[in-house]
Amino acid sequence: MAQERVREVVEALVENLRGVIRDKKVNYDEFHAAIQFLVRLGDAKEIPLLLAVLLEATVDDVTHAQTKGSTTTIQGPFHIPGAPMLQAPYKLPRRADEPGDLLVFSGTVHGTDGRPLPGAELDMWQATGDLPGKYSNVHPGLPDYNLRGRFVTDDQGQFSVETVVPAQYEIRKNGPTGELFELLGRSAWRPAHLHFKVSHPDHRTLSTQLFFNDDQYLASDAGNAVKPGLVIPLVKTEGEDPPGFRATYDFVLEPS
Ligand code: MBD
Ligand code: FE
């Protein structure tokens with residue numbers, strides 16, 4: 001980052017924080033409690049989590065206000081680069097006894113000019129189907145890259161991937177972020193969601209999430225990530241064994 005820019009942003013940040021100290025007459029006990037909180041946050045490795053839920057939606061807003069592509073939303077703290085490249089027919093890696101209902105998620109990727117984009121890469125990750133949802137490589141007890149994978153669109157710009165319906169996610173209660181939410185009287189729950197980074201040469205990479213109709217946490221997402229265009233129906237598949245769900249979405253990338 002250019003030194004000039006670091007100065008500009010850090011000076012504004014410090015000036016704003018000093019303003020809060022003056023306005024609220026923050027005292028020494030409170031100052032030391034804030035330091036302790038930040039130390040605990042770091043020790044618990046929750047700095048990415050807290051910044052994602054408190055601030056990332058605003059970064060998304062200022063970055064993507066003018067986008068002509070699909071609705072974006074926050075990437076969140078749990079993306080892991082280098083997820084397995086899948087071979088068709090695509091199936092996110094999952095355990096033999098993976099809990100949850102089967103989900104076939106399909107759709108297309110196209111440009112803002114309406115042309116399909118063959119060879120677009122979708123990097124997809126999600127929580128498990130048991131409540132509250134858990135992420136591999138984050139929460140213990142799951143195989144590496146469970147429910148994480150990358151795959152590409154076919155020559156029609158289409159894709160289809162088999163996975164399970166994710167469960168709603170709750171920020172853990174026994175960590176600094178969960179304790180802060182409790183103190184603020186805020187819900188620590190996120191509605192069930194699928195995460196995506198969609199990329200293609202000469203196009204802007206799209207980071208987004210998809211949610212499902214009728215989720216009880218859509219209006220109170222702890223991550224502040226829900227936007228109207230990102231809520232899709234889960235359609236029950238009739239007469240299939242085992243029974244499951246289908247969902248579809250068409251991603252639109254803008255040229256870079
Ligand atoms: C998540 O799963 C998530 O996606 C975000 C943004 C914050 C906390 C947990
Ligand atoms: Fe998530």
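All values below come from the heavy atoms of this structure, side chains included, with hydrogens, waters and symmetry mates left out. Numbering of ligands and ligand atoms starts at 1, following listing order.
- Side-chain rings of Tyr249 and Phe105 stay apart, their centers remaining 6.0 Å or farther from each other.
- Relative orientation of the Tyr28 and His32 rings is tilted, given thresholds of 30° and 60° on the angle between their planes.
- Between Tyr169 and His139, the ring planes are tilted. Angles from 30° to 60° get that label.
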Original post:
Does the pair Phe212 and Leu194 meet the rule for a side-chain contact (heavy atoms from CB on, under 4.5 Å), with working shown?
Top reply: CA-CA 9 Å; Phe212 305 112; Leu194 303 169; 3.9 Å; yes
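- Panel detail: the Fe ion (ligand 2) has protein N, O or S atoms under 2.8 Å away, 3 in number.
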At less than 3.5 Å, what protein N or O atoms come close to the N or O atoms of ligand 1? Include the distances to 0.1 Å.
| unit_1 | atom_1 | unit_2 | atom_2 | d |
| --- | --- | --- | --- | --- |
| ligand 1 | 2 (O) | Tyr135 | OH | 2.9 |
| ligand 1 | 2 (O) | His193 | NE2 | 3.4 |
| ligand 1 | 4 (O) | Arg190 | NH1 | 2.8 |
| ligand 1 | 4 (O) | His193 | NE2 | 3.2 |
| ligand 1 | 4 (O) | His195 | NE2 | 2.9 |

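- By the 6.0 Å and 45° rule, Arg186 stacks over the aromatic ring of Phe181.
- The shortest distance between side-chain heavy atoms of Arg5 and Val9 falls below 4.5 Å.
- Looking only at distances, no side-chain donor or acceptor of Ser207 sits under 3.5 Å from a matching main-chain atom of Phe196.
- A side chain to side chain donor-acceptor pair (under 3.5 Å) with Glu170 holds for exactly one of Arg172, Gln168, Lys173; it is Lys173.
- A donor-acceptor pair shorter than 3.5 Å can be found between the side chains of Thr177 and Glu46.
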